[in-house]
Amino acid sequence: MKKKTNIKGIVILIAVIVVIIAGVLVINHLCDNRFLTVSNWLLIVAGAAVPTFTAWGLSFLFAASVTDFSIGAIVILGGTMAGTLGNIMGIPGVIIGGLSVGIALTLINFLIFNITKIPSWIAGMGMTLIYECAGVVYSNTRLAHGKQVVQLENQYRALGMSPWIYVVLVIGVVIAYILYNKTSIGVNIRAVGNNRHVAKQMGIPIVKTLILCGVIAGFFFGCSCFLNESYAGRSIAASGLTSISSIFQSLAAVLLAQVMQKKINIVFAIPIATILITAIFNAQTQLGVQSGTWQQVVLGAIVIIFGVIAQRGTKGVVK
């Protein structure tokens, strides 16, 4: 019986691979053979770097059973700080600015979650509005004084360019894998997320574990901050919860990675997922699909489909 199941699984896997290859070839033909070029795929991988780091941070939050919608606003604020310090201190300032804001604000969120006992998704919505407001006030203040919204000077944008963006991505994979799979804190975070009562009975310090989870997730969000500023050159302030939409691609990647993690470790599955999703947007752009319209429809559909598949077989309430 087991042998038949294995054969069936192999057949399904082969069928999926064949369908993917056929689809890619069709897309490449429709794009006048521009889709499968080396330069285009280097562009896709570079474009996937920021959502990959954000998705790694989200994976730690989800492992701890925490839902926080303020991440997009944190990345915007962190990018602004990375640009400000970067123009003063150079590349070290870019890194320090992004990491300090990413870690500090995520840690503040976790402290609020633990002190107030408010569900993380509710508190996260409130913090989103606060962080968005801070970004808008700062931008308006600069404009009122005749200054531009922070633009990182080109000579300090190396981390968002080839080859350094690929180097940072590889370093991120190593750090994420070690923290998630090879450390006691990674095990403790997953234990707390699965069942806090059981984790407490096992002697795991719940509050300390959650605080450390916030620090780790904040580190990856901080990397998203300085990478985004280095890649795009500037971070545009958002308001009215619109910053939430900026994490949808990362959210879709985590959901797809959860589907893949039965075969692939989630840390490796996440960059695969972000590259795949980025490739889908790249193909749409080459086919003339306008961004902000049908591309967002496709992203919304991806989130729903991957979410349904990821939660398939889950019983009870899904957080």
Side-chain angles (χ1 to χ4, degrees), residues 20 24 27-28 31 34-60 71 75 78-79 82-83 85-86 89-99 102-103 151-182 216-235 246-247 249-254 256-257 260-261 264-286:
I20 292 174
V24 168
I27 291 173
N28 186 56
C31 295
R34 297 190 305 270
F35 182 67
L36 289 179
T37 61
V38 173
S39 59
N40 188 54
W41 276 89
L42 287 175
L43 181 65
I44 289 172
V45 174
V50 173
T52 294
F53 275 92
T54 304
W56 277 326
L58 288 174
S59 69
F60 280 92
I71 307 308
V75 172
L85 293 185
M89 302 167 57
I91 292 178
V94 176
I95 298 173
I96 293 171
L99 289 179
I103 294 173
Q151 176 83 31
L152 183 62
E153 296 178 13
N154 289 335
Q155 63 264 38
Y156 305 134
R157 293 178 57 188
L159 294 175
M161 307 296 177
S162 176
W164 292 108
I165 192 167
Y166 308 115
V167 173
V168 173
L169 193 56
V170 171
I171 293 173
V173 171
V174 175
I175 294 174
Y177 180 80
I178 292 173
L179 288 174
Y180 196 89
N181 299 286
K182 301 298 182 180
I216 292 171
F219 167 79
F220 288 106
F221 298 144
C223 291
S224 295
C225 295
F226 71 70
L227 279 177
N228 187 58
E229 186 71 13
S230 300
Y231 184 76
R234 63 187 299 181
S235 297
S246 66
I247 67 170
Q249 185 175 350
S250 300
L251 175 60
V254 175
L256 176 56
M260 300 165 61
Q261 69 178 339
I264 306 174
N265 187 281
I266 191 169
V267 171
F268 300 128
I270 282 174
I272 294 173
T274 54
I275 290 171
L276 174 61
I277 295 170
T278 305
I280 292 173
F281 282 105
N282 178 274
Q284 290 183 85
T285 300
Q286 293 202 42

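Values reported hereafter were calculated over all heavy atoms of this structure, with side chains retained and with hydrogens, waters and symmetry mates removed.
- Here the side chains of Trp164 and Ile91 are not in contact, with every heavy-atom distance at 4.5 Å or above.
- Ser235 places a side-chain heavy atom less than 4.5 Å from the side chain of Asn228.
- Looking at Ile216 and Phe220, their side chains come closer than 4.5 Å, going by heavy atoms from C-beta outward.
- Ala217 approaches Phe60 most closely through the heavy-atom pair CB-CB, 4.5 Å.
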Just list the side-chain donor-acceptor pairs under 3.5 Å for residues 265-277, sequence neighbours left out, or say none.
| unit_1 | atom_1 | unit_2 | atom_2 | d |
| --- | --- | --- | --- | --- |
| Asn265 | OD1 | Asn181 | ND2 | 3.4 |
| Asn265 | OD1 | Val267 | N | 3.0 |
| Asn265 | ND2 | Asn181 | OD1 | 2.9 |
| Thr274 | OG1 | Thr52 | OG1 | 2.6 |
| Thr274 | OG1 | Ile270 | O | 3.3 |
| Thr274 | OG1 | Pro271 | O | 2.9 |

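- The shortest non-hydrogen separation linking Leu152 to Ala82 is CD1-O, 4.4 Å.
- The two residues Ile27 and Ala283 come nearest to each other via the heavy atoms CG2-CB, 3.6 Å.
- Across all non-hydrogen atoms, the minimal contact from Ile96 to Leu85 is CG2-CD1, 4.4 Å.
- By the 30° and 60° cut-offs, the orientation of the rings of Trp41 relative to Phe35 is perpendicular.
- In this structure, the side chain of Tyr166 does not engage the main chain of Val45 through any donor-acceptor pair within 3.5 Å.
- Interatomic distance, Arg157 CZ to Phe226 CZ, rounded to the nearest 0.5 Å: 14.5 Å.
- Of the inter-residue distances, the one linking Leu36 atom CG with Asn28 atom CG reads 3.5 Å to the nearest 0.5 angstrom.
- Distance CH2/Trp56 to OH/Tyr177: 13.5 Å, rounded to 0.5 Å.
- When all heavy atoms are compared, the tightest approach of Ser224 to Phe53 is OG-CB, 3.3 Å.
- Within the 4.5 Å cutoff, no side-chain heavy atoms of Phe281 are placed close to those of Ile44.
- For the 3.5 Å distance criterion, the side chains of Thr54 and Gln249 fail to qualify, holding no donor opposite an acceptor.
- Between the CZ atom in Phe219 and the SG atom in Cys223 there is a gap of 4.0 Å [rounded to 0.5 Å].
- Summarising the geometry, atom CD1 belonging to Ile95 is positioned 5.0 Å from atom CG belonging to Leu159; distances are rounded to the nearest 0.5 Å.
- Two residues are said to be in side-chain contact when any heavy atoms from C-beta on lie closer than 4.5 Å; Val94 and Ser230 meet this criterion.
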